[in-house]
Amino acid sequence: MTLTASITITEPPVLQNIHHINGKLFGRSKKAFPAVWMRSGTSKGLFIHRKDLPASTKLWEPILVSAMGSEGGNAKQIDGVGGATSTTSKVAVVAKSQDPNVDVEYTFIQVAPDQAKIDMSGNCGNIASGVGPFALDEGIVRAIPEQTEIDIRILNTNTRQTLVETVQVAPDGGFQEEGDFRIPGVQGTSSPIKVAFLNPGGSMTGRMLPSGATQEILTVDSPSVGKFDVRVSLVDAANPFVLVDSSSISITGHPSWPDANDTKFVSVVEDIRRTGAVRFGLAADIETAGLVRGTPKIAFLSPTAEDDKEADLTVLAFTMGKPHASLQLTGAVCLGAAASVHGTVAWDITGRKGMDRVPKHGMSLNGHDIASPLPIGIRHSAGVIFVETMLGMDHEGEMNVEKVAVFRTARRLFEGNVFYRA
């Protein structure tokens, strides 16, 4: 008798509630997108490929709020990757440009650390400085063999302004991160990234001086301290800023203001910013101005100490209702532009030390450089940032701020999948 055996081969069970994320399997209850976490200038944020987010930007808010941990207005962002400050709760969405004159398009998103809300009204220069390195590492932009430096043209979709980033290239064609360049507010050294803002004037309003005045007196009606006047320049370069002459603030009972540690003063700062927003034309009234905290921004200017040989002026900047740990890169660009325009608060303050008023800006005539710029030093709480401003004159004698350049560094910190609950 012959015994026969049969073997039944069955297919593996179909896995229910399983899907792929970046080549890995996860339960359907988990939602995620691939991203890179970068230190970019003096900020940190998520860098995301545009294709990995929904096509409609209207769907981004709940995803990014959840990813950062701002759901429920939890200022600590414990249940997300955000760092509980405005400078560590930022996002860059990057894509290859279809415009032959642009390499990369990038959208900036500020995620409020204490609100379930995002702000896409302006640009962030610090985060922008990481876009070039990210694009190079991700293959969005490719260097040619043996190239050691590359210029990357970047369009910021928030402001429709173009930046040119000069980035160092590693032997493998990626971003050369290592170097001996140092920026205030960041430990260690890295390779320098030159970020040049081209024609930065009118980023949101269409004009560098939207009120038509180089400086003016702003009357502020503050709920906490009443009415007072303050001298300001409303300058829109890279981002709109209310630039305040610190010495012009005179409020009864507070002779030592501005003081970033005074909670009442911080509320007054917001009162000035909102009033400036209306004067800028960015908001119809004070209440509407309070709905957008990201723009306009605000900074207080004062002269440097007599023995300060590095800086030309001192700044105390604010972001999202709190004192900034250093200075926004767009703030440095705006100040560099403003300090080169006769009559602004920035121009006046740089002259209060009795310094030689030989202009530090460079000059071009009909697109041809005829004078190179000298660095303008801006002292902030973490050190000094230097900017180089180039003014241009056309054949009719009209002047404009042609370019403002600053130097930053960036470093890739980690990469992977970011989970969210939206």
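The analysis underlying the following values was restricted to heavy atoms, covering all of them including side chains, and did not include hydrogens, waters or symmetry mates.
Checked by atom type, the side-chain pair Ser43/Thr87 shows no donor-acceptor distance below 3.5 Å. Between Thr295 and Ser121, the side chains place a donor N or O and an acceptor N or O closer than 3.5 Å (distance only, hydrogens not considered).
By the neighbour-count criterion of 12 heavy atoms within 6.0 Å, atom CZ of Arg411 is sparsely surrounded, having that number or fewer from other residues, nucleotides or ligands. The number of heavy-atom neighbours closer than 6.0 Å to CG of Asp285, taken from other residues, nucleotides and ligands shown, is above 12.
Screening Thr389, Asp312, Thr350 against Lys360 for a side-chain hydrogen bond (donor to acceptor under 3.5 Å, both in side chains) leaves a single residue, Asp312.
The stretch residues 59-84 participates, sequence neighbours left out, in these salt bridge (charged side-chain N to carboxylate O under 4.0 Å, His left out) pairs: Asp79-Arg421. The salt bridge (charged side-chain N to carboxylate O under 4.0 Å, His left out) contacts involving residues 99-123 comprise Asp114-Arg293, where partners must be two or more places apart or lie in separate chains.
The shortest distance between side-chain heavy atoms of Pro113 and Thr85 does not fall below 4.5 Å. Side-chain atoms of Gln77 and Ser89, non-hydrogen and from C-beta on, do get closer than 4.5 Å to each other. A heavy-atom distance below 4.5 Å is not found between the side chains of Trp37 and Glu415. Proximity of Glu216 to Arg279: side-chain heavy atoms (C-beta onward) are separated by under 4.5 Å at one or more points. Two residues are said to be in side-chain contact when any heavy atoms from C-beta on lie closer than 4.5 Å; Phe181 and Thr189 fail this criterion. Annotation: side chain of Ile376 is not in contact with side chain of His361 (no heavy-atom distance under 4.5 Å). Side-chain contact between Tyr420 and Val81: absent, with no pair of heavy atoms (C-beta onward) separated by less than 4.5 Å. Contact annotation: the side chain of Ile48 approaches that of Phe33 to within less than 4.5 Å [non-hydrogen atoms, C-beta and beyond].
With sequence neighbours excluded, no residue forms a salt bridge (charged side-chain N to carboxylate O under 4.0 Å, His left out) with Arg39.
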*Any chance you could lay out the side chain to side chain contact (heavy atoms under 4.5 Å, CB included) test for Lys90 and Ile109, step after step, and finish with the verdict?*
CA-CA 6 Å; Lys90 301 185 176 188; Ile109 303 102; over 6 Å; no
*Going through the distances and angles, do Ser364 and Asp369 end up as a side chain to side chain donor-acceptor pair (under 3.5 Å)?*
CA-CA 4 Å; Ser364 73; Asp369 293 354; 4.6 Å; no
*Give the intermediate values and the outcome of salt bridge (charged side-chain N to carboxylate O under 4.0 Å, His left out) for residues Lys194 and Glu165.*
CA-CA 6 Å; Lys194 183 178 182 179; Glu165 290 187 9; over 6 Å; no
*Taking it one step at a time, do Asn156 and Thr159 satisfy side chain to side chain donor-acceptor pair (under 3.5 Å)?*
CA-CA 6 Å; Asn156 173 242; Thr159 62; 2.8 Å; yes
*asked:* Before you tell me yes or no, could you show the steps for Val269 and Phe300 under side chain to side chain contact (heavy atoms under 4.5 Å, CB included), namely the whole-Å CA-CA distance, both residues' side-chain angles and the distance that decides it to 0.1 Å?
replied: CA-CA 9 Å; Val269 170; Phe300 291 76; 3.7 Å; yes
*Please assess Asp236 against Arg207 for the test salt bridge (charged side-chain N to carboxylate O under 4.0 Å, His left out), listing each intermediate value before the final yes or no.*
CA-CA 7 Å; Asp236 181 4; Arg207 299 177 64 191; over 6 Å; no
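A tilted orientation is assigned to the rings of Trp347 and His342, their planes being inclined by 30° to 60°.
Asn239 contributes no side-chain N or O that, together with a main-chain N or O of Thr330, makes up a donor-acceptor pair within less than 3.5 Å. The backbone N or O of Ile144 sits less than 3.5 Å from a side-chain atom of Gln147, completing a donor-acceptor pair.
Residues Pro200 and Val333 come closest through the heavy atom pair CB-CG1, 4.2 Å. Looking at every heavy atom in both residues, Ser326 comes nearest to Thr42 through OG-OG1, 3.5 Å. Of all heavy-atom pairs between Leu218 and Ile272, the closest is CD2-O, 4.1 Å.
When ring centroids are compared, Phe280 and Phe241 stay outside the 6.0 Å threshold.
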